[in-house]
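No experiment lies behind these values; they were computed from the predicted model shown. In what follows, chains carry the letters A, B, and so on, assigned in the order in which the sequence lines appear, proteins first and then strands, with residues in each chain numbered from 1.
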There are 2 protein chains.
Amino acid sequence: MTIGTESLPAAFAALGDDTRWGLLQRLGTAPASATALAADQPISRQAVARHLEVLREAGLVETEIHGREVRYRAIGSRLSALARDLDALAQGWESRLRSIKAAAEG
Amino acid sequence: MTIGTESLPAAFAALGDDTRWGLLQRLGTAPASATALAADQPISRQAVARHLEVLREAGLVETEIHGREVRYRAIGSRLSALARDLDALAQGWESRLRSIKAAAEG
DNA sequence: GAGTAGTGCAACGATTGCATTGCACATCAT
DNA sequence: ATGATGTGCAATGCAATCGTTGCACTACTC
């Protein structure tokens, strides 16, 4: 099941931020809490929490409650789905633009 | 040759806008000028031109001069490269988080 | 129960991004 | 040459984003 075409820009907007990208890479290593993640970032814990919320809304991470701690985990399958959709779109463009070029030259 | 890891967020930021996404889809159909593209958009020609410039800087489109007209064309290979990088990252996450989970459960 | 650690929420300021309008310049057609 | 078309650049207004600080609340620890 792929995600809707119209939600793609929203997902990419979430990926299109250096801080969020860093958080995702960190989460790809191991799940962690907002406080733990903030310790490795040059910004406040609240700012990190906000970024994580953006990532969660984009479906790129999920949360897991451990007592008073909220652990965030990267969702690889979602990222794979994004990659698939992107590739499918690229394939469509390639073939369409190729035929246009062929028609122009032939 | 894939693009550098650090430029990935920049590329996704370019993709993370509804207007630019629409322009890309339109360009995936056939090359077109900024003025022609603006005719199908609810925003001004200058605004469209600015979006196209962003896409060009992200390496997602390329320009071709035809007299006084600047034609924009989508670069499918770049999109494919992005898809590949995204998928590779997702695969890495999957395997790493899977072993962590296995270790926690075992 | 007292103290500590982890979150969440709200208000604020600064920065960035998006779209607009107006103007100037280059190019094509007549 | 004249007029129309396609671009580019600059200034402005508006909105969203990002980060901060301060405070309150909940859940562990002792």
Side-chain angles (χ1 to χ4, degrees), chain A residues 6-27 29-75 104, chain B residues 6-27 29-74 100 104:
Chain A
E6 30 201 59
S7 67
L8 278 174
F12 289 134
L15 290 173
D17 179 277
D18 289 327
T19 299
R20 280 196 289 272
W21 189 257
L23 290 174
L24 272 180
Q25 286 188 311
R26 175 82 162 64
L27 286 177
T29 301
S33 68
T35 302
L37 290 168
D40 293 351
Q41 297 288 132
I43 59 178
S44 69
R45 187 260 314 170
Q46 288 90 329
V48 169
R50 189 165 181 77
H51 281 300
L52 290 170
E53 177 62 17
V54 172
L55 290 173
R56 200 185 60 77
E57 286 174 357
L60 291 164
V61 303
E62 59 189 358
T63 58
E64 181 184 337
I65 308 294
H66 273 255
R68 68 186 159 184
E69 185 179 321
V70 179
R71 248 173 240 177
Y72 292 82
R73 182 209 323 277
I75 306 180
Chain B
E6 31 201 62
S7 69
L8 278 174
F12 289 135
L15 289 174
D17 178 277
D18 289 327
T19 300
R20 281 197 288 272
W21 190 257
L23 290 174
L24 272 180
Q25 287 188 309
R26 174 82 162 64
L27 285 177
T29 302
S33 69
T35 303
L37 289 167
D40 294 350
Q41 297 287 134
I43 59 178
S44 69
R45 187 260 314 170
Q46 289 91 329
V48 169
R50 187 165 183 77
H51 281 299
L52 290 170
E53 177 62 16
V54 173
L55 290 173
R56 199 184 61 74
E57 286 173 356
L60 290 164
V61 303
E62 57 189 359
T63 58
E64 181 183 338
I65 308 296
H66 272 255
R68 68 182 160 186
E69 186 179 320
V70 178
R71 246 172 242 175
Y72 291 82
R73 182 210 323 278
I100 288 177

Keeping to residues at least two apart or across chains, list the salt bridge (charged side-chain N to carboxylate O under 4.0 Å, His left out) pairs with something in residues 30-51 of chain B. B/R26-B/D40

Take the protein atom CG of A/D18 and the nucleotide atom P of C/dT15, then report the distance between them rounded to whole Å. 18 Å

Let's go through A/L37 and A/H51 carefully: what are the C-alpha distance in whole Å and the side-chain angles of both, what is the deciding distance for side chain to side chain contact (heavy atoms under 4.5 Å, CB included) to 0.1 Å, and is it a yes or a no? CA-CA 11 Å; A/L37 290 168; A/H51 281 300; over 6 Å; no

For A/F12, all residues meeting ring-ring contact (aromatic ring centres under 6.0 Å, His included), sequence neighbours excluded: B/F12, B/W21

Looking only at heavy atoms, what is the nearest atom pair of B/A32 and B/A36, with distance? CB-CB, 4.4 Å

Rounded distance (Å) that lies between atom C1' of D/dT7 and atom CZ of B/R56: 14 Å

Atom OH of A/Y72 to atom P of C/dT7: distance rounded to whole Å? 8 Å

Applying salt bridge (charged side-chain N to carboxylate O under 4.0 Å, His left out), which residue pairs with at least one partner in residues 54-67 of chain A are found, sequence neighbours left out? A/E53-A/R56, A/E62-A/R73, A/E64-A/R73

Would you tabulate the nitrogen or oxygen pairs shorter than 3.5 Å linking the protein to nucleotides 26-30 of chain C?
| residue | atom | partner | partner atom | Å |
| --- | --- | --- | --- | --- |
| C/dT27 | O2 | B/R68 | NH1 | 2.7 |

What distance separates A/T63 OG1 from A/L55 CG, expressed to the nearest 0.5 Å? 12.0 Å

Provide, to the nearest angstrom, the distance between the CG atom belonging to A/L37 and the P atom belonging to C/dG6. 13 Å

Protein-to-nucleotide contact annotation, 5' to 3' order, nucleotides 11-23 of chain D [B base; S sugar-phosphate only; - none; under 4.0 Å, heavy atom]: -------SSBBB-

Without decimals, in angstroms, what is the distance between B/L55 CG and C/dC18 P? 10 Å

To the closest 0.5 Å, what do you measure between OG (A/S33) and NE2 (A/H66)? 11.0 Å

Could you walk me through whether B/L15 and B/L24 pass side chain to side chain contact (heavy atoms under 4.5 Å, CB included), step by step? CA-CA 9 Å; B/L15 289 174; B/L24 272 180; 3.4 Å; yes

B/R20 side chain to B/A14 main-chain N or O, any donor-acceptor pair under 3.5 Å? yes

Length of the line joining A/I65:CD1 and D/dC28:P, which is rounded to integer Å: 11 Å

Could you walk me through whether B/L60 and B/L27 satisfy the side chain to side chain contact (heavy atoms under 4.5 Å, CB included) test, starting with their C-alpha distance in whole Å, then the side-chain angles of each, then the deciding distance to 0.1 Å, before giving a yes or no? CA-CA 10 Å; B/L60 290 164; B/L27 285 177; over 6 Å; no

Axis-to-axis angle between the two ends of the helix from C/dG1-D/dC30 to C/dT30-D/dA1 (five base pairs per end, rounded to 10 degrees): 30°

For the CD atom of A/Q41 and the OG1 atom of A/T19, what is their distance to the nearest 0.5 Å? 6.0 Å

For D/dT7, does either OP1 or OP2 sit under 4.0 Å from a side-chain N or O belonging to B/S33? yes

